[in-house]
Amino acid sequence: MSSTLVSASLLSADILNLEKDLKSAEESYIDWHHVDVMDGHFVPNLTFGPPLVHALKKVSKLPLDVHLMISNPEEVLSQYLEAGADCLTFHVEATKNQKNLLQKIRNHGARSGLSLKPKTSVKEILPYLEDLDLILIMSVEPGFSGQNFLPDSIKKIEELRNLLKKYHLEKKILISVDGGVSDQNAKALTQAGARCLVTGSYFYKAKDRKQSVAALKQYSLEV
Ligand code: DX5
Ligand code: ZN
């Protein structure tokens, strides 16, 4: 049994009190901070940039799980590595240089991740299996927190897990899921194959944050 990781998305934190919320998340026993980077082009929203990642890195006791929702990630990827991303994920749909970029991330000593929008087939990851540490399945259309979970994502995670099993990579490549995650779907997601649950509004808006993390972590996957 490996215990489920919880990555809390700062997109749902209080942006005027980010450090306070970051500390509160750490005291609630999350595993990673999820940092959603949006460029107003790949998605219709604009958020954080490298200076913020750099600033977070200085105060965080936990790894920074940076999720790039930007077009042409090759243009700025290094800046996020330099700023201190511990895990750097970009979208398979956003570039043609997937392999190069994944290798660049690993060479820098970070975990390499590819993310898939809800309508993108899991087969898109096949050419990159040897360069991947993490696959992030989007269970909402990327762009905003607080959206409703898309139930088809559960089947998609199962399909991805079976595919990884076929290549004996289910222990090596971590399946993460992002969007509308809560105590309502944590069990199904974990059983389907997710080993990391990203949570924005469910965690940051919870009355009892510690309890919300415990609720997400109560199911673990045997790998
Ligand atoms: C959406 C972001 C998510 C979002 C999750 O584009 O990638 O990480 O912050 O927020 P919730 O959990 O509220 O859907
Ligand atoms: Zn995200």
Side-chain angles (χ1 to χ4, degrees), residues 4-15 18 21-22 24-25 28 30-50 52-53 56 60 62-71 73 77 80 85-94 105 110-120 133-154 156-157 174-190 194-207 209 211-213 215-217:
T4 301
L5 300 171
V6 170
S7 187
S9 171
L10 287 162
L11 189 60
S12 294
D14 176 0
I15 51 168
L18 265 188
D21 263 357
L22 178 135
S24 137
S28 307
I30 65 155
D31 299 281
W32 297 346
H33 295 290
H34 185 85
V35 186
D36 286 308
V37 174
M38 306 188 189
D39 65 350
H41 183 262
F42 185 75
V43 290
N45 196 359
L46 196 59
T47 58
F48 315 129
L52 189 89
V53 174
L56 291 170
S60 175
L62 295 174
L64 299 181
D65 171 30
V66 178
H67 177 194
L68 300 179
M69 284 160 278
I70 62 176
S71 303
L77 190 107
Y80 290 92
D86 296 280
C87 176
L88 189 55
T89 298
F90 59 91
H91 271 261
V92 70
E93 307 89 355
I105 297 171
R111 283 186 196 235
S112 59
L114 261 187
S115 182
L116 273 63
K117 294 210 258 185
K119 292 191 190 92
T120 304
D133 296 313
L134 177 147
I135 300 167
L136 181 66
I137 297 291
M138 291 304 301
S139 41
V140 298
E141 283 299 334
F144 301 92
S145 58
Q147 302 182 77
N148 289 336
F149 176 77
L150 298 170
D152 283 354
S153 321
I154 293 170
K156 190 167 175 180
I157 291 171
L174 192 87
I175 302 178
S176 183
V177 56
D178 185 10
V181 171
S182 72
D183 57 348
Q184 301 299 303
N185 49 35
K187 186 176 182 186
L189 288 169
T190 308
R195 289 199 282 145
C196 176
L197 302 177
V198 177
T199 169
S201 44
Y202 171 72
F203 170 72
Y204 274 108
K205 310 282 180 245
K207 279 206 187 88
R209 290 181 175 171
Q211 201 278 327
S212 76
V213 176
L216 294 181
K217 281 176 168 274

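Just so you know, ligand 1 is whichever comes first in the structure, and atom 1 is the first atom listed for that ligand. We're numbering straight along the sequence, starting at 1.
Residue contacts with ligand 1: G146 is placed with a nitrogen or oxygen under 3.5 Å of a nitrogen or oxygen of the ligand (distance criterion only). Between P142 and ligand 1, not a single N/O pair is under 3.5 Å apart. Distances between N or O atoms of Y202 and those of ligand 1 include no value under 3.5 Å. Inclusion of D36 in the set of residues having an N or O under 3.5 Å from an N or O of ligand 1 is warranted. At least one N or O atom of H67 sits closer than 3.5 Å to an N or O atom of ligand 1. Inclusion of G180 in the set of residues having an N or O under 3.5 Å from an N or O of ligand 1 is warranted. For ligand 1, the polar-atom distance check finds an N/O of S201 within less than 3.5 Å of one of the ligand's N/O atoms.
Each of the following atoms of ligand 1 lies closer than 4.0 Å to a heavy atom of F144: 1 (C), 6 (O). Residue contact check: L11 has heavy atoms under 4.0 Å from atoms 9 (O) of ligand 1. For ligand 1, the atoms sitting less than 4.0 Å from at least one non-hydrogen atom of M69 are 6 (O), 7 (O), numbered in the order shown with element in parentheses. The atoms of ligand 1 that sit less than 4.0 Å from any heavy atom of S9 are 8 (O), 9 (O). Residue G179 approaches ligand 1 through these ligand atoms, each under 4.0 Å from one of its heavy atoms: 14 (O). Less than 4.0 angstrom separates some heavy atom of M38 from each of these atoms of ligand 1: 6 (O). Against a heavy-atom cut-off of under 4.0 Å, H34 is close to the following atoms of ligand 1: 8 (O).
Side chain to side chain, T47 and D36 fail the donor-acceptor criterion of an N or O pair below 3.5 Å.
Annotation: angle subtended at the Zn ion (ligand 2) by H67 ND1 and D178 OD2 is 90°, to 10°.
Applying the side-chain hydrogen bond (donor to acceptor under 3.5 Å, both in side chains) test between K217 and each of D31, T4, T190 identifies D31 as the sole match.
Side-chain atoms of D178 and S115, non-hydrogen and from C-beta on, never get closer than 4.5 Å to each other. Residues V35 and D65 fail the side-chain proximity criterion, which asks for heavy atoms closer than 4.5 Å. Contact annotation: the side chain of S9 never approaches that of S201 to less than 4.5 Å [non-hydrogen atoms, C-beta and beyond]. The shortest distance between side-chain heavy atoms of I175 and V177 does not fall below 4.5 Å. The side-chain heavy atoms of L11 and H67, taken from C-beta on, include no pair separated by under 4.5 Å. Residues V213 and F203 meet the side-chain proximity criterion, which asks for heavy atoms closer than 4.5 Å.
With hydrogens left out, the protein atom closest to atom 5 (C) of ligand 1 is D178 OD1, 3.5 Å, a heavy atom. For atom 6 (O) of ligand 1, the nearest non-hydrogen atom of the protein is G143 N, 2.7 Å. Regarding atom 12 (O) of ligand 1, its nearest protein heavy-atom neighbour is G200 N, 2.8 Å.
Nearest heavy atoms, K156 versus K117: NZ-O, 2.9 Å. Considering every non-hydrogen atom in both P63 and D86, the closest pair reads CA-OD2, 3.4 Å.
Counting heavy atoms closer than 4.0 Å to ligand 1, residue S145 contributes atoms from both its backbone and its side chain. Heavy atoms of F203 found under 4.0 angstrom from ligand 1: none, in either backbone or side chain.
Among the heteroatoms counted here (N, O or S) of D36, OD1 is the one nearest to the Zn ion (ligand 2).
We find the CG-CD distance between L114 and E93 to be 9.0 Å, quoted to the nearest 0.5 Å.
In this structure, R209 forms no cation-pi arrangement with Y204, as its terminal cationic atom is not both closer than 6.0 Å to the ring centre and no more than 45° off the ring axis.
Ring geometry for H91 against F42 counts as tilted: the plane angle lies between 30° and 60°, on a 0 to 90° scale.
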